[in-house]
Amino acid sequence: MVGEEGAFVLGWDEVLTEEELSMTLKVLCMSEEEFKEYKEQDGWEEDSEEEENSTLSNEALSRLKPPCKKLLYDSVLLTLESYGVDLKAEQDLLNNKEAYEKLSRREQQALHVRYGQKRILHQLLELVQ
């Protein structure tokens with residue numbers, strides 16, 4: 001369901017891998033009985049047209065059912081923990097011109113990428129709280 005990477009792609013305004021995230025949340029938030037019933041259907045593509053055409057914009061994420069919100073929230077927290085350094089520390093390094101200039105060009109680019117990723121994840125935390 002998640003694909004080869006095992007990750008979802010989030011943008012500033014919406015989930016870019018929305019089909020994968022929608023299906024994953026739907027399945028993970030099902031009861032065992034609901035899952036058995038869903039699995040017994042003639043395929044996984046039997047969802048309503050409304051669900052297929054809905055996008056996972058930031059607004060839609062904030063309206064998810066509570067179990068799905070909790071699952072996303074906990075997943076984001078785990079992802080943020082895996083970075084080892086929090087958003088504030090990255091921001092402080094970006095704002096400290098002397099320390100920033102001591103970093104190699106590659107380290108500076110990596111810092112910008114990590115900082116952007118963490119900002120998106122923090123935004124997601126706020127949406128699903």
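For clarity, every value in this text was computed on a predicted model and none was experimentally measured. The analysis underlying the following values was restricted to heavy atoms, covering all of them including side chains, and did not include hydrogens, waters or symmetry mates.
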Salt bridge (Lys or Arg N to Asp or Glu O under 4.0 Å) against [X], all qualifying residues, sequence neighbours excluded:
X	result
K70	D74
K69	none
R63	E59

Does one hydrophobic cluster hold both L61 and L16, with members joined at side-chain heavy-atom distances below 4.5 Å?
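L61 does not cluster with L16.
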For Q109, does the CD atom have more than 12 heavy-atom neighbours from other residues, nucleotides or ligands under 6.0 Å away?
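Yes - once you tally the heavy atoms of other residues, nucleotides and ligands closer than 6.0 Å, there are more than 12.
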Heavy-atom closest pair, residues [X] and [Y]:
X	Y	answer
F35	M30	CA-SD, 3.7 Å
Y100	H112	OH-NE2, 2.8 Å
V76	L121	CG1-O, 3.5 Å

Measuring from atom [atom1] of [X] to atom [atom2] of [Y], what distance do you get when rounded to the nearest 0.5 angstrom?
X	Y	atom1	atom2	answer
K88	Y115	NZ	OH	10.5 Å
Q91	L111	CD	CG	10.5 Å
L124	L72	CG	CG	5.5 Å
E126	S62	CD	OG	11.5 Å
L71	L64	CG	CG	10.0 Å
N95	E90	CG	CD	11.5 Å

For a quick test of your reading: what N or O donor-acceptor pairs under 3.5 Å do the side chains of residues 8-15 make, sequence neighbours left out?
none

Could you list the residues that satisfy side chain to side chain contact (heavy atoms under 4.5 Å, CB included) with A110, not counting sequence neighbours?
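R114.
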Contacts under 3.5 angstrom, residues 79-87 side chains, donor-acceptor by atom type, not counting sequence neighbours:
from: T79; atom 1: OG1; to: S75; atom 2: O; distance (Å): 2.9
from: S82; atom 1: OG; to: T79; atom 2: O; distance (Å): 2.5
from: Y83; atom 1: OH; to: Q117; atom 2: OE1; distance (Å): 2.8
from: D86; atom 1: OD1; to: A89; atom 2: N; distance (Å): 2.9

Worked check of salt bridge (charged side-chain N to carboxylate O under 4.0 Å, His left out) between K36 and E40:
CA-CA 6 Å; K36 284 179 184 177; E40 290 171 1; over 6 Å; no
Heavy-atom check, side chain of L93 versus side chain of L103, under 4.5 Å:
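Side-chain contact under 4.5 Å: yes.
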Pairwise side-chain contact, D92 with N96, heavy-atom cut-off 4.5 Å (strictly under):
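They are not in side-chain contact.
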